[in-house]
Amino acid sequence: MMDRKAGAPAPEGAIEHKANARVGLLGNPSDVYFGRVISFSFANFWASVRLEPSADLVIRPHPTHDLVHFDSLHHLVSRLQNEGYYGGVRLLMAICKVFHNYCKDNKIDLRGGNFTLSYETNIPRQTGLSGSSAIVCAALNCLLDFYEVRHLIKVEVRPNLILDAEKELGIVAGLQDRVAQVYGGLVYMDFSKERMDGLGHGIYTPLDISLLPPLHLIYAENPSDSGKVHSTVRQRWLNGDEFIKSSMAEVANIALEGRNALLEKDHSKLANLMNHNFNLRRNMFGDDVLGALNIEMVEVARRVGAASKFTGSGGAVIAFCPDGPSQVKALEEACKKAGFIVLPVKVVPSRLNDIDLKTLSSK
C-alpha cells in the first residue's frame with residue numbers, strides 16, 4: 001500500500017476547512033455537455049467542516065439544518081417546504097464512504113483513529129451557489145489532512161470525489177462547481193469529450209482573479225421557483241436534437257471567448273457574452289423551467305443596463321455594471337425596489353497550497 005509517512009501518527013487536535021460558494025461566470029450549463037466554463041469561488045458565502053479526533057466515529061447533526069425536533073406537525077411541514085428533507089449529515093457520510101473506497105481501490109493506507117465531523121454553512125439554500133458541494137469539499141479537505149494523504153490524491157481528481165459523493169445521494173450536477181471550490185479563485189475548465197474520456201476529468205486552468213471587473217450577486221430571500229417544471233433539455237441532447245446540440249456548443253464557446261476577453265480586459269465583450277449566455281439558456285430551457293422569479297432577477301439588472309446571467313441553475317444572478325458606480329447605484333436601487341438582495345462580490349484567491357501545486361506539476 002502507498003504509505004502517507006512511515007510511522008506518522010494521525011494529527012492531534014481539530015482540523016477545520018472552509019469551501020466557498022461558487023459562481024458560474026460563463027459557459028454554464030455546458031459543463032455537463034462536454035463543454036467549457038469559467039467559474040470562481042467567492043468569499044461572501046461559505047461552508048466549514050470541523051474534524052476532531054474522537055474515540056468513536058461521529059457525524060454530528062447541525063442544530064438547525066438537520067433539525068429532527070419540531071414544535072408541531074405544522075412546524076415540521078413548514079420546515080420541509082422551505083428547507084427540504086435533508087441537511088448536511090448525509091453529505092458528510094457520503095464523502096466519508098467515497099473517500100474510503102477511493103483510497104482502498106488505489107492502495108492508499110488510511111491509518112489513524114476515529115473522528116467527529118460537524119459543519120456550519122451560511123450559503124443560502126436553492127440559490128444555485130453550490131451549497132451542498134461546499135460542505136462536501138470542506139469535509140474532503142479535513143479527511144485529506146487528518147489521514148495526511150493530500151499528496152497522494154491529485155488536485156484534479158478531488159472534484160470527481162466530491163461529485164461521486166453527491167451522486168450517492170441522487171444529486172444531479174456537473175463538475176464545474178466542485179472544481180471551483182477545490183481550486184479556489186478563478187478557473188477556466190475544458191470538459192471536452194476526448195479529455196473526459198482519456199483522463200476521467202477535464203483540464204483546469206487557474207486564472208488571475210485580478211482579471212475580473214467588479215461584479216455583483218443578486219438573489220431572493222425566498223427559495224428559487226426553478227425546477228417546478230421538468231426540463232427536457234438533457235434528453236433532447238442525448239437524442240441528438242440539433243438545436244440543443246448547436247446551442248450548447250455555442251454556450252461552451254462563450255467560455256473560450258470569455259477567457260480571451262478577460263485576458264484582454266475587454267469588459268464590453270465580457271458583458272455581451274454574459275447576456276448571450278443567458279439568452280441561449282433561456283431559448284433552450286424555456287421560461288417555465290427557468291421560473292418567473294429567476295428571470296425577473298436577470299431582467300431587473302438588464303433594465304439598468306447591467307449584464308446578467310444565472311450563477312448556476314437558478315436562484316441567484318451574477319451582474320456586471322460596465323458603466324461604473326452610477327450604474328451600480330441604479331442596480332442597488334432597482335433590486336431593493338424589486339425585493340432582491342444585491343451584494344458586491346469578493347473573489348476568493350486560489351486555495352492551492354504547496355502540496356497541491358506539486359501534485360499538479362507531477363502529472
Side-chain angles (χ1 to χ4, degrees), residues 14-23 41-54 56-70 75-102 114-147 158-182 184 219 221-224 227 311-313 315-316 348 351:
I15 298 168
E16 187 165 349
H17 279 284
K18 272 187 179 182
N20 292 81
R22 179 276 309 134
V23 164
S41 56
F42 65 107
N44 306 63
F45 299 116
W46 45 265
S48 68
V49 172
R50 183 178 177 88
L51 182 154
E52 300 173 76
S54 56
D56 297 317
L57 200 156
V58 179
I59 308 295
R60 185 174 293 156
H62 190 279
T64 301
H65 302 300
D66 297 291
L67 190 64
V68 292
H69 183 272
F70 304 94
H75 181 204
L76 182 150
V77 172
S78 176
R79 163 76 185 197
L80 293 181
Q81 288 174 337
N82 292 321
E83 300 287 339
Y85 285 90
Y86 303 110
V89 164
R90 62 179 188 141
L91 298 168
L92 299 180
M93 295 175 110
I95 189 58
C96 285
K97 176 184 176 182
V98 167
F99 173 78
H100 170 272
N101 290 346
Y102 177 87
N114 287 324
F115 52 81
T116 295
L117 283 179
S118 57
Y119 76 97
E120 290 285 348
T121 181
N122 67 356
I123 301 174
R125 291 179 59 84
Q126 298 184 30
T127 50
L129 297 174
S130 304
S132 293
S133 59
I135 294 172
V136 181
C137 179
L140 175 60
N141 278 315
C142 288
L143 294 171
L144 292 173
D145 288 345
F146 180 74
Y147 289 106
R158 295 174 205 164
N160 293 61
L161 299 182
I162 297 167
L163 184 62
D164 287 346
E166 294 180 274
K167 284 181 177 177
E168 285 272 327
L169 305 170
I171 297 172
V172 179
L175 275 167
Q176 70 146 325
D177 305 359
R178 292 93 198 143
V179 174
Q181 289 166 330
V182 167
Y219 68 100
E221 286 190 272
N222 296 321
S224 163
T311 62
S313 59
V348 175
R351 290 194 178 277

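Minimum interatomic distance between Ala43 and Trp46 (heavy atoms only, all atoms of both residues): O-CD1, 3.9 Å. For the pair Ile123 and Ala47, the tightest heavy-atom approach, listed with the atom from each and the gap, is CD1-N, 4.1 Å. The two residues His17 and Cys142 have their closest heavy-atom pair at CD2-N, 3.5 Å. What you find for Pro124 and Thr127 is that their closest heavy atoms are O-OG1, 2.7 Å. Between Val348 and Phe42, the shortest heavy-atom contact is CG2-C, 3.4 Å. Between Ala19 and Ala134 the shortest heavy-atom distance is CB-O, 3.2 Å.
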Would you mind writing out the side-chain donor-acceptor pairs for residues 92-102 within the sub-3.5 Å range, not counting sequence neighbours?
from  : atom 1 : to     : atom 2 : distance (Å)
Lys97 : NZ     : Glu168 : OE1    : 3.0

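Checking Ser133 against Glu166 by side-chain atom types alone, no donor-acceptor pair falls below 3.5 Å.
Arg60 places no side-chain N or O within donor-acceptor distance of the main-chain N or O of Val89, the cut-off being under 3.5 Å. The main-chain N or O of Gly88 is found under 3.5 Å from a side-chain atom of Tyr119 such that the two form a donor-acceptor pair. Between the side chain of Asn20 and the backbone N or O of Ser41, no donor-acceptor pair lies under 3.5 Å.
In this structure, the side chains of Leu57 and Phe115 come closer than 4.5 Å at one or more pairs of heavy atoms. No side-chain heavy atom of Ser118 sits less than 4.5 Å from a side-chain heavy atom of Val49. Considering only heavy atoms from C-beta on, Gln176 comes within 4.5 Å of Arg22 through its side chain. Contact check for Ser130 versus Gln181: side-chain heavy atoms found under the 4.5 Å cut-off.
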Practice prompt. Take Arg158 and Leu144 through the side chain to side chain contact (heavy atoms under 4.5 Å, CB included) test and state the conclusion after the steps.
Written response: CA-CA 10 Å; Arg158 295 174 205 164; Leu144 292 173; 3.8 Å; yes
Item to complete: Apply side chain to side chain contact (heavy atoms under 4.5 Å, CB included) to the pair Cys137 and Val182, showing each step before the final yes or no.
Response: CA-CA 7 Å; Cys137 179; Val182 167; 4.0 Å; yes
Discussion item. Please determine whether side chain to side chain contact (heavy atoms under 4.5 Å, CB included) holds for the pair Leu117 and Val58, giving the CA-CA distance in whole Å, both sets of side-chain angles, and the decisive distance to 0.1 Å.
Written reply: CA-CA 6 Å; Leu117 283 179; Val58 179; over 6 Å; no
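Within the model, atoms OG of Ser132 and CD1 of Ile162 stand 12.0 Å from one another, a figure rounded to the nearest 0.5 Å. Residue Asn114 holds its CG atom at 13.5 Å from CD of Glu52, rounded to the nearest 0.5 Å. Taking CG of Asn141 as the reference point, atom CZ of Phe146 lies at 15.0 Å (rounded to 0.5 Å). Atom CG in Leu51 sits 5.0 Å away from atom CD1 in Ile15 (nearest 0.5 Å). Asp145 CG to Glu16 CD: the interatomic distance, rounded to the nearest 0.5 Å, is 12.5 Å. Rounded to the nearest 0.5 Å, atoms OG1 (Thr311) and CG (Asp177) are 9.0 Å apart.
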